[in-house]
Amino acid sequence: MAARHHKALNKWVARIIPVILLGLIGYSAYVITKVIVIDYLINPSSGLPIQRRPGSAAAILLFYYLLLIPLLICYTRLIQTIITNPGYVPRGAAWHQQCKEEVAGARRKHRRGHQSQRRSLPNDTEKPPQQPQSWRVDTQDVESGGSNHSSLTTHKEHGNHSSRSHNNCTDIPFWQRDIFVCNPDGRPPFCSSCLTHKPDRTHHCSEVDRCVLKMDHFCPWVGGVVSETSFKYFIQFNVYAAFFCIMVLTTISVFIAERRRIDPGFLNVHYFLLLGISALFTLFSLGMAGSSIQLSLINSTTVENLNRRSKVWFLAVLIPTNEDGRLPSPPPPQSPRPGVGGSRPTPRFQTITYPRPPEEEQFLIHQARSQQGHGRNPPPADPSSTANTRPSTTTPTLPSQQPRTFAILSTQPGENPFDIGPWENIRQVMGHSLSEWLFPIRQSPCADHRSRVSAFKINKKLVRRLTEEAMLTRARRERDSRSRSVSESGMGRGSGDGSGSPAEDHGSRRKKRRRRRSRRASRRHEGEEGVR
């Protein structure tokens, strides 16, 4: 109960603070425009030994509003994105089913509580009991069975209010990509609150009780969760806010010093109140802008940065198959000692094959509901091993879904598989053109997850090193070399006499060209001797 009240309080604070912040911006506009520019620079009091300065007034207003307008545009765009496109992951179908059960239980309890009243009024028209406010859910979502976007067996996507934030992140099931983030057992992380699997770099926000794609933090100053859809606008807002606050702080400081030179006893509440507000928000906005830019340069978030130096990422990397669809045979065992029969021992890694049987997901859901106190039956037994040292032979649920086997690889502590270099990292957040950096025109490129390789751009050098250590690159190279040799042999059979390989045909052509050049040179030499 206390946690529920705490969440409700945070939501109300997040709704009130943006209004207060806009009020402070309006107050600064009043002080700069009316108190300083109009009442002091353009129409100074007759008791002040100064002259009218319309040029200085125009310059101050120009710089002030040139910074204020983009600041308000970025802030409006940021709040609009947080409200309409927050980056939420759809809850699982089991969560919607659980809501239906809770609604039905609340209705039965409500019906039993008013049963005696209904019996005493038999002639009244019975109306269905009103659904309690705390149990109301979206009827369309419940009837559609939710949006179990990351099911281990199949993939469905039902539109709801947040589907625009991940319209291409969950359109592709995680196991249909070549690389995805997983647990040590090969399964993607599972959220016990939303009852669904988390896509890459997804975290559950306890303030809104939703899973958020690439969540950075919950910020009451902007009214909600800063995620991949709004992080770019958050950086732009903080940068413009820092310049705006520096300009206001400098302006008010200069005129306070000037007024105190004229009148040592000068004390105006507007001057000194705006000085304190601008100084406070200058420090705050500079700190937020610097930390946000630093996180974008290393391609991390506030949540991921908490344990960035000790974090070990587990990646499920697709194992390439042969032309017949079979997995490549493992390399022969090598000697554990260098220099004796081989260079090093064959590494061992676990594998997992998708799609998984539906009983596995039901087992995870039952475990999560049991932890929340909703489970009534004993948990079913785990139908199969979560990870095995040999490829699994699980039969796919649908005939059109071909099984895919992944190797479970792990990074070194502190390695970020999504760090692709400072320049590319910040371009993934801010965009690829100068206009995208300056104005909140488009969303960040990192919010586009249509790639079949991975949901986010990944460090290819790191993945190549991991696959080489696991000897997966060797299997891929063998497959490519076999396909290349087959194509080259086909070219050789279709060329000339069809008796040699492409390399032999190329060598014979070079010899013929040399003989032609030598014959031409000899004829030219004979002609020159005849002329002599």
Side-chain angles (χ1 to χ4, degrees), residues 86-87 89 166 169 174 177 179-191 197-208 210-219 221-222 224-236 238-239 284-317 408-430 444-449 451 453-467 469-470:
V89 174
H166 43 77
C169 178
F174 65 90
R177 303 184 194 271
I179 303 172
F180 62 89
V181 178
C182 64
N183 289 326
D185 59 1
R187 291 169 172 159
F190 187 82
C191 179
H197 291 275
K198 299 179 183 179
D200 293 356
R201 309 185 73 178
T202 297
H203 300 276
H204 186 86
C205 178
S206 59
E207 307 295 339
V208 297
R210 292 296 297 268
C211 286
V212 184
L213 286 164
K214 199 182 176 186
M215 172 187 167
D216 191 79
H217 67 287
F218 180 85
C219 182
W221 292 99
V222 297
V225 183
V226 178
S227 65
E228 67 171 6
T229 60
S230 54
F231 188 57
K232 168 187 173 180
Y233 310 139
F234 183 75
I235 294 177
Q236 291 174 331
N238 279 287
V239 170
F284 182 74
S285 57
L286 282 175
M288 292 302 299
S291 63
S292 300
I293 294 174
Q294 185 261 341
L295 289 174
S296 64
L297 287 172
I298 62 176
N299 203 342
S300 184
T301 63
T302 302
V303 177
E304 296 172 349
N305 198 48
L306 296 176
N307 58 347
R308 176 172 59 91
R309 300 188 182 278
S310 59
K311 170 76 172 178
V312 176
W313 294 83
F314 289 90
L315 303 176
V317 181
I408 306 170
L409 309 179
S410 61
T411 65
Q412 296 294 327
E415 286 184 327
N416 183 5
F418 302 103
D419 186 0
I420 54 178
W423 175 244
E424 288 297 326
N425 288 339
I426 198 168
R427 289 182 68 191
Q428 284 296 304
V429 176
M430 302 304 297
S444 301
C446 65
D448 186 1
H449 308 285
S451 173
V453 178
S454 61
F456 294 88
K457 274 198 172 183
I458 205 157
N459 189 334
K460 296 181 180 179
K461 294 182 179 179
L462 176 62
V463 174
R464 188 181 302 115
R465 194 204 75 206
L466 295 178
T467 54
E469 292 177 355

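The shown structure was predicted, so the numbers you read here are calculated from the model rather than taken from an experiment.
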With heavy-atom distances below 4.5 Å as the criterion, would you say the side chains of C205 and M215 are in contact?
yes
Donor-acceptor contact present, side-chain S292 to main-chain A289, <3.5 Å:
no
List in chain and number order the residues that pass ring-ring contact (aromatic ring centres under 6.0 Å, His included) with W313, two or more places apart in sequence or in another chain; answer none if no residue qualifies.
F418
Tell me the closest heavy-atom pair linking S310 and P413, and the distance in Å.
O-CB, 4.1 Å
Given side chains that start at C-beta, do those of L213 and V89 come closer than 4.5 Å, heavy atoms only?
yes
Pair listing, salt bridge (charged side-chain N to carboxylate O under 4.0 Å, His left out) test, anchored in residues 412-427, at least two apart
E415-R465, E424-R427
Heavy-atom donor-acceptor pair, D216 side chain to E228 backbone, under 3.5 Å
no
May I have all residue pairs that pass salt bridge (charged side-chain N to carboxylate O under 4.0 Å, His left out) and include part of residues 307-317, sequence neighbours excluded?
none
For S227, what residues pass the side chain to side chain contact (heavy atoms under 4.5 Å, CB included) criterion, not counting sequence neighbours?
V212, T229, S230
Does N183 use its side chain to pair, donor to acceptor, with the backbone of D185 at less than 3.5 Å?
no
Between N425 (side chain) and L297 (backbone), is there a donor-acceptor pair under 3.5 Å?
yes
Looking at side-chain heavy atoms only, is the closest gap between P188 and V181 below 4.5 Å?
no
According to side-chain hydrogen bond (donor to acceptor under 3.5 Å, both in side chains), who are the partners of S454, at least two apart in sequence or on a separate chain?
none
Under a 3.5 Å distance rule, please check whether N305 uses its side chain to pair with a backbone N or O of T301 as donor and acceptor.
no
What pairs with N238 under side-chain hydrogen bond (donor to acceptor under 3.5 Å, both in side chains), at least two apart in sequence or on another chain?
none
Please evaluate residues T411 and L462 with respect to the criterion side-chain contact (heavy atoms from CB on, under 4.5 Å), reporting the C-alpha separation (whole Å), side-chain torsions for both, the decisive distance (0.1 Å), and the verdict.
CA-CA 8 Å; T411 65; L462 176 62; 4.1 Å; yes
Determine whether the aromatic ring centres of residues H217 and F234 are separated by less than 6.0 angstrom.
yes
Candidate pair I408 and C182, rule side-chain contact (heavy atoms from CB on, under 4.5 Å), full reasoning:
CA-CA 8 Å; I408 306 170; C182 64; 4.1 Å; yes
Across all chains, not counting sequence neighbours, the side chain to side chain contact (heavy atoms under 4.5 Å, CB included) partners of S410 are V312, F314
Start with the C-alpha gap between K214 and N299, add the side-chain angles, then the distance that decides, and say whether side-chain contact (heavy atoms from CB on, under 4.5 Å) holds.
CA-CA 10 Å; K214 199 182 176 186; N299 203 342; 3.8 Å; yes
Just verifying a value: how many Å separate I420 CD1 and F456 CZ, rounded to the nearest 0.5 Å?
11.5 Å
Which word best sums up how the rings of F180 and F174 line up, parallel for under 30°, tilted for 30 to 60°, or perpendicular for over 60°?
perpendicular
Under 3.5 Å: donor-acceptor pair, side chain of R177, backbone of S451
yes
Sequence neighbours excluded, the answer for salt bridge (charged side-chain N to carboxylate O under 4.0 Å, His left out) partners of E207 is none
Among all residues two or more places apart in sequence or in another chain, which pass the side chain to side chain contact (heavy atoms under 4.5 Å, CB included) test with S296?
F231, I235, I293, I426, V429
Taken in chain and number order and not counting sequence neighbours, the residues that satisfy side-chain hydrogen bond (donor to acceptor under 3.5 Å, both in side chains) with Q428 are none
Find out whether N459 and V463 are in side-chain contact, i.e. whether some heavy atom of one side chain is under 4.5 Å from a heavy atom of the other.
no
Does H204 have any side-chain hydrogen bond (donor to acceptor under 3.5 Å, both in side chains) partners at least two apart in sequence or in another chain, and if so, which?
D209
With sequence neighbours left out, write down each residue that passes side chain to side chain contact (heavy atoms under 4.5 Å, CB included) with L306, or none if nothing qualifies.
none
